[in-house]
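Scroll down for the structure; my scribbles are underneath it.
Each chain gets a letter, A, B and so on, in the order the sequences are listed, and its residues count up from 1.
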Amino acid sequence: MDNTTSTHFVRKIIDDDIRQGRCPDGIHTRFPPEPNGFLHIGHAKAICLNFGMAAEYRGKCNLRFDDTNPEKEDMKYVEAIQDDVRWLGFDWEDRLFFASDYFARLFEFAIELIEQGKAYVDGMSAEEIRESRGTLTEPGTDSPWRDRPVAESLDLFHRMKAGEFADGKLVLRAKINMRAANLNLRDPVIYRIRRTSHYRTGDNWCIYPMYDFTQCLSDALEHVTHSLCSLEFEDHRPLYDWFIDNLDTPSRPRQYEFARLNLEYTVLSKRKLIELVEDGHVSGWDDPRMPTLSGLRRRGFTPKSIREFCERIGLTKNDTWIDAGVLEHVIRDELGADAPRRMAVLRPLKVVIDNYPDDKEELLDAANHPQDPSMGTRKVPFSKVLYIEQDDFMEDAPKKFFRLTPGREVRLRYAYFITCNEVVRDDRTGEVVELRCSYDPATRGGNAPDGRKVKGTIHWVSAQHARPAQVRLYDRLFSDANPDRGEQDWKTCINPDSLETLDGCLIESDLAQAESEQRFQFERLGYFCADREDWQRESPVFNRIVTLRDTWAKISKERS
RNA sequence: UGGGGCGUAGCCAAGUGGUAAGGCACAGGGUUUUGAUCCCUGCAUUCCCAGGUUCGAAUCCUGGCGCCCCAGCCA
């Protein structure tokens with residue numbers, strides 16, 4: 001295990017700030033989601049960073065909903081987001097905030113700006129504003145309203161608030177510099193009229209502040225010391241600082257930017273995730289194939305594994321694409337150590353042990369975790385008719401196949417050595433429907449007293465004791481590592497085989513007693529989780545979280 | 001042709017003038033009643049390129065090149 005916690009650049013900044021005595025009251029961060037969608041693994045990176053730094057430096061981290069756009073936001077998202085942050089393992093204590101709670105303060109700040117002659121009410125249309133903004137290479141031009149008297153702007157702004165103007169008729173703009181090389185400084189709009197009911201403030205307001213104005217001032221009001229955001233806001237930092245420098249704020253926060261996460265074989269843009277949900281490509285925000293936290297949770301990922309993932313991917317300003325294998329690795333690593341082992345047969349093939357008494361049954365000892373005796377053992381019932389995995393039998397087996405094949409002996413895990421003597425086929429289809437085998441009573445438990453070895457060990461269940469279950473096999477949602485690459489529409493590379501539902505699975509009987517969200521290793525297959533939504537004792541449903549590493553699959557794939 | 005960032009292995013990532021950490025992936029070997037786990041071993045003569053400074057450069061200087069972001073009354 002990797003024990004080198006990196007001193008990434010944010011830690012260095014904080015260390016330096018502390019050393020220089022810039023944070024006398026400790027460090028204070030915040031996670032500021034907009035409640036317009038569900039949180040995904042990319043947000044987890046930000047959450048772990050913000051709450052993580054606060055915890056590490058014994059500071060505080062607020063949860064603040066950045067809800068300044070009533071057209072997109074909704075209460076159902078604020079609830080889902082809180083659930084997800086809590087599930088991830090973080091606690092904002094009594095510091096649950098909403099930017100919308102600051103609307104009155106923000107309005108006052110705007111007045112303060114106008115009074116200083118640093119903001120003005122503009123009467124140009126959205127199109128006119130866009131045209132006068134200039135381009136990347138050409139400067140913008142001043143609005144004819146730019147030098148409107150302070151008193152007039154003040155009056156107009158109050159009347160905007162009072163609802164005297166139609167949507168889009170007027171805006172409040174910061175008076176900075178229309179010729180600035182940084183477009184964000186070309187007199188940005190800071191308030192717009194939007195006669196839309198807000199999910200929290202209702203119809204109290206018909207003017208709403210913009211992000212740039214809201215974010216920095218909210219940070220200042222909350223005494224945030226380190227405002228961590230993603231790289232696309234780097235260009236906004238001068239604006240962030242401009243508001244703070246020009247207003248009488250209770251504190252002086254600083255913004256720092258890091259690169260957002262890109263993960264192979266998925267998409268992490270809110271717009272695209274919404275589209276996947278709304279167009280029915282997935283069953284919902286919590287579909288186990290989704291990179292959302294609720295999706296990962298339903299799939300069976302643990303909060304700890306997500307946190308570990310966020311630790312491993314590092315924190316820099318580089319554009320990064322994280323290998324899908326990293327996520328698989330962290331969950332295998334955790335569950336490999338923690339998950340109790342059970343046997344389950346996903347695609348059953350009937351096996352009859354001819355020389356085993358018809359009505360006999362016995363209970364065999366099986367370890368719940370071979371590497372961790374403290375997890376104990378259990379009794380597994382054995383009888384004449386069993387089921388094994390179809391993949392564990394091959395009629396014309398290549399040399400390297402060391403599972404069951406006619407005439408060869410294998411071990412049934414924790415049970416007996418068996419030999420396949422006869423293959424029974426369906427008369428019409430020719431399909432193998434049953435294997436007739438014999439067992440060696442001396443090999444009870446899986447060891448031969450004469451010391452003979454078998455190369456293969458396979459899992460099994462007893463026909464009369466096993467319970468039926470549905471198992472859902474998940475694969476990556478996209479067939480291309482980067483669905484946005486090239487000209488193609490990202491939706492053309494949605495993997496049509498990302499979900500396979502298996503209905504005739506047979507599981508050890510005690511698995512049917514599991515609680516929803518309980519995780520197990522199905523030996524030789526992978527890690528599985530009792531579905532959070534659909535699990536029922538009468539009809540168990542398991543989701544495959546991830547397979548075990550499978551060298552054989554690799555070998556057999558190379559052969560074909 | 002503007003501004004802001006970023007370039008160290010297939011993917012992440014340390015390193016800040018003293019001779020390229022670590023993880024993932026991959027390959028080989030050992031242990032094994034899970035083809036799993038675990039354990040070894042290998043995996044950048046070179047840090048985007050080219051010059052320069054220096055006894056010594058991924059680190060400093062100069063000049064190139066490449067990639068990402070910005071022209072919402074979104075965040």
For residues 259-268 of chain A, run the donor-acceptor check on the side chains, cut-off 3.5 Å, and write out each pair with its distance to 0.1 Å, sequence neighbours left out.
| unit_1 | atom_1 | unit_2 | atom_2 | d |
| --- | --- | --- | --- | --- |
| A:R260 | NH1 | A:E232 | OE2 | 2.5 |
| A:N262 | ND2 | A:T320 | O | 3.0 |
| A:E264 | OE1 | A:A324 | N | 3.4 |

Side-chain donor or acceptor of [X] under 3.5 Å from a matching atom on the base of [N]?
X	N	value
A:E138	B:rU1	no
A:Q371	B:rA36	yes
A:R130	B:rC73	no
A:R341	B:rU34	yes

In whole angstrom, give me the gap between the [atom1] atoms of [N] and [M].
N	M	atom1	answer
B:rC73	B:rC67	C1'	32 Å
B:rC12	B:rA25	P	15 Å
B:rU1	B:rU19	P	41 Å
B:rG35	B:rA44	C1'	32 Å
B:rC61	B:rC68	P	26 Å
B:rC70	B:rC38	P	42 Å
B:rC24	B:rA9	C1'	12 Å

**Prompt:** Please walk me through it: do A:F309 and A:F301 pass ring-ring contact (aromatic ring centres under 6.0 Å, His included)?
**Reply:** CA-CA 11 Å; A:F309 173 81; A:F301 280 84; 8.9 Å; no
Considering residues at least two apart in sequence or located in another chain, which fulfil the salt bridge (charged side-chain N to carboxylate O under 4.0 Å, His left out) criterion with [X]?
X	result
A:R307	none
A:D142	A:R146, A:R179
A:R237	A:E257
A:D484	A:K272

Main-chain N/O of [Y] paired to [X] side chain as donor or acceptor, under 3.5 Å:
X	Y	answer
A:S153	A:V121	yes
A:D219	A:V224	no
A:E389	A:R347	yes

- prompt: Does A:T551 put a side-chain nitrogen or oxygen below 4.0 Å from OP1 or OP2 of B:rA36?
  reply: yes
Report task. Tell me whether the OP1 or OP2 atom of B:rU34 has a side-chain N or O from A:H459 closer than 4.0 Å. Result -> no
Detail all sub-3.5 Å separations between protein N/O atoms and N/O atoms belonging to nucleotides 26-30 of chain B.
| unit_1 | atom_1 | unit_2 | atom_2 | d |
| --- | --- | --- | --- | --- |
| B:rC26 | OP1 | A:K554 | NZ | 3.1 |

In this structure, CZ of A:F9 is separated from NZ of A:K317 (nearest 0.5 Å) by 5.5 Å
Self-check item: B:rA75 base stacked by A:Y211 (centroids within less than 5.5 Å, tilt under 30°)
Solution: no
Report the nucleotide, chosen from [options], that has the shortest atom-to-atom distance to any side-chain atom of [X].
X	options	result
A:R133	B:rC73, B:rG3, B:rG35	B:rC73
A:R192	B:rG35, B:rA75, B:rU34	B:rA75
A:I555	B:rA25, B:rC74, B:rG35	B:rG35
A:M210	B:rU1, B:rC74, B:rU34	B:rC74

Q) A:H198 vs A:Y208 aromatic rings, parallel, tilted or perpendicular, using cut-offs 30° and 60°? A) parallel
(Q) Parallel, tilted or perpendicular, judged at 30° and 60°: which one describes the rings of A:F103 and A:W205? (A) perpendicular
A:L49 and A:L228 have their tightest heavy-atom pair at CD1-CD1, 3.5 Å
Its dot-bracket string being built from Watson-Crick and G-U pairs below 3.5 Å, with | for another strand and [ ] for crossing, RNA chain B has the pattern .(((((((.[[[..)..(...]]].(((((.......))))).....[[[[[..)....]]]]])))))).....
By side-chain hydrogen bond (donor to acceptor under 3.5 Å, both in side chains), A:D101 pairs with (sequence neighbours left out) A:R200
Sequence neighbours excluded, the answer for side chain to side chain contact (heavy atoms under 4.5 Å, CB included) partners of A:H158 is A:F107, A:I111
Contact check, residues 175-185 of chain A vs RNA chain B, heavy-atom distance under 4.0 Å, returns A:A181, A:L183
Residues of residues 65-78 of chain A with a heavy atom under 4.0 Å from any atom of RNA chain B, listed by number, are A:D66, A:T68, A:N69, A:K72
| query | When you check the side-chain N and O atoms of A:R64 and A:Q215, is any donor under 3.5 Å from an acceptor? | reply | yes
In 5'-to-3' order, the base (B), backbone-only (S) or no-contact (-) status of each nucleotide in nucleotides 9-14 of chain B, using a 4.0 angstrom heavy-atom cut-off, is -BSSSS
